[in-house]
There are 2 protein chains.
Amino acid sequence: MTLKELAAELGVSTASVSNAFNRPDQLSPKLRERILSEARRLGYRGPDAKARSLRTGRSRIIAVVLAETLTYSLNDAVASELLSGIAEVLDAHGHTLLLLSGRQDASRVPGSSSIADGFIVYGLMPSLVLLDELQGTGRQPLVAVDFDLEGQPTVHVDDEPACYAIARHALTTPPRRPAVINLRLTEQPCNGRIGDDQALLSAERTITRARLAGFQRAFAEVGIDPAAVPMWNIEENTFEVCAPVIEAILDAPADERPDLLLCMSDRIALTALTLAEQRGLRVPEDLRITGFDGIAEGQYRAPRLTTVRQDSVEKGRIAARMILGLSPREDRLLSTKLIVGDTCP
Amino acid sequence: MTLKELAAELGVSTASVSNAFNRPDQLSPKLRERILSEARRLGYRGPDAKARSLRTGRSRIIAVVLAETLTYSLNDAVASELLSGIAEVLDAHGHTLLLLSGRQDASRVPGSSSIADGFIVYGLMPSLVLLDELQGTGRQPLVAVDFDLEGQPTVHVDDEPACYAIARHALTTPPRRPAVINLRLTEQPCNGRIGDDQALLSAERTITRARLAGFQRAFAEVGIDPAAVPMWNIEENTFEVCAPVIEAILDAPADERPDLLLCMSDRIALTALTLAEQRGLRVPEDLRITGFDGIAEGQYRAPRLTTVRQDSVEKGRIAARMILGLSPREDRLLSTKLIVGDTCP
DNA sequence: CTGTTAGCGCATTCAT
DNA sequence: ATGAATGCGCTAACAG
């Protein structure tokens, strides 16, 4: 049943039916009541969303474009928190959430994205094709989260200072063999030790590079040559991908094994913690570990993770408010908080 | 720039432009190439999704309706796994994922849902209004997951046998004081001990009731009166909501404290485990704990959780295939697997 | 192989 | 306060 059919059935104009649903002040309460109740009786559920969005140009749908696959993002605590924050605001304002991945073949779904009223883009995606497309259409607002996008507002946390702070904290007890476990830092995929010859992603575009800069500033300040600190790279922030790399590190001879791991995520740190425990290494006596993110899983366990807490939920809220036009479209920088847990007291 | 404008600009018909994007076989490769390249040059990004979906009646969007709030669901490991499985299949078939909550005010977004080509409904939602609306429209397919919906195909796991099996396993070592920690089982909200007078949700509609039935069958079989086993109820599957209830249980005098907790979710079991460890209780010596779900967090820690593994990702895949018409629309029952971990050997 | 045409279902003028 | 008319941008029949 369409609006037109309903109007014909009731002997009123289509405008009145439309107004009954959309603009109560444009018709008498009495007529409105009649239309609404008859609509219900006849099984008319309200204006069709597709037609309405074509006509009005708005869909009340906000798309979140995730740099990783949806499958990954949905199982990542940090991405989930961000989505939570976004969903909270959208929900409160009658909008819904469309999930898009920057990894899916954009050509498969041509312009499918144009259904959304706005875009929140989370993280730097491997291909910029989709981003070009999103920006090209011109009309819909776009907010970038955790990476910079020319000409678009960005929501960030203070990655460099945060990593500087946690590294300074860790380095107050001088380590014999510090090491850094990076996340997605190399130009070319690399799941393991980073050699001197390997190119890193450029500093402007990725937060992991900013985090590394923070670590290195701290190293330099306490007289450790940053270039001499061994680094590993993790390609995906999951236990499965992370574990083999960490295992190789922990299974090195005792006089080569690091006694301090600065990890770029809690997921990595927790993996290290689990694997260290399995090997009977004492944390923090034999091995100190720091993370980044402050996810719940690291705090509700013993020993508690020493980490940097970033409020991803709030990041999501801010991005969502911006995209809905509830707050000004301008760059935002959130601060973080050092959490001194048990893994690196 | 619209399709029509582009056609005018190129001096071809709108049909040719449309075909260039949608039906390559309907025009010469040469013309198609010209149209596509000119489109790119002029900044035309392809057919508008809103107009296209109105015209074709399909949007390539599948909506997932979650019984809980989005904020909760996104942070729940089981719901996230389900969504992962759904996203995997949708992605592979050029569809996108719209997240809807059964808790949001349906009237706020009238018919907003009608934009989706199909619905996957996860869990029994408090208000059935939205469900009526979804079914009422008649046309779009609908699949229910983890609850039964008259006339619609359902994807389930074997909750009752699974819980029977894990309870039988636990009861091979006779407990002195067993207890059951339920999840959302009572008719009225209740976060704490379930009294004799409290009504439980009906067995047909909720999986938690089926799980309890499994536990109780096992109790009866080993000669324990199910009615004599104390039960608690948890309103939301989060650490925060769960912790106070568990604390009260663990802080009871030693001669009242249960020595076996059958929990309806891993989240609950992990909360119990964490709180027990904090109190210096030995698991499993002083307290045995079982969970349900088999989430990663319970397996990648020590002691490993004894639980029942359900493959939520696969549940999602199956539901998604069904909704896309890739597999027959019929009820599916997935089997589960008992995982004997360390918390109840 | 290409062009013309008629809606998809609705919201919004502008009359009355 | 109400109704008739217009077109949002596109696709699919059909005609050429």
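Numbered from 1 within each chain, the chains take letters A, B, ... in sequence-line order.
In this structure, B:I35 atom CD1 and C:dC1 atom C1' are separated by 12 Å, rounded to whole Å. At whole-Å resolution of the value, CG in B:N22 and C1' in D:dC10 are 9 Å apart. The nearest whole Å value for the distance from the NZ atom in A:K50 to the P atom in C:dA11 is 14 Å. A:R58 places its CZ atom 17 Å from the P atom of C:dC10, with the value rounded to the nearest Å. A:R32 has its CZ atom 14 Å from the P atom of D:dA1, to the nearest Å. D:dA1 atom C1' lies 17 Å from atom CD of A:E33, rounded to whole Å. Going from atom CD1 of B:I115 over to atom P of C:dC8 covers 18 Å, rounded to whole Å. For A:F21 and C:dG9, the CZ to P distance is 16 Å, given to the nearest whole Å.
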Distances for protein N/O vs nucleotides 4-9 of chain D N/O pairs under 3.5 angstrom?
residue	atom	partner	partner atom	Å
D:dG7	N2	A:R55	NH1	3.0

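Within the 4.5 Å cutoff, side-chain heavy atoms of A:L6 are placed close to those of A:M1.
More than 12 heavy atoms of other residues, nucleotides or ligands lie within 6.0 Å of CZ in B:R329, so this atom counts as buried by the packing criterion. In the displayed structure, A:R332 atom CZ is contacted under 6.0 Å by at most 12 heavy atoms of other residues, nucleotides or ligands.
Under the side chain to side chain donor-acceptor pair (under 3.5 Å) criterion, A:Q26 pairs with no residue, sequence neighbours left out.
Not one N or O on the side chain of B:T154 forms a donor-acceptor pair closer than 3.5 Å with the backbone of B:V145.
Considering CD of B:E330 and CD1 of B:I318, their distance stands at 10.5 Å, rounded to 0.5 Å.
Mapped onto DNA chain C by nearest heavy atom, B:N19 and A:V17 fall at different nucleotides, with B:N19 at the one closer to the 5' end.
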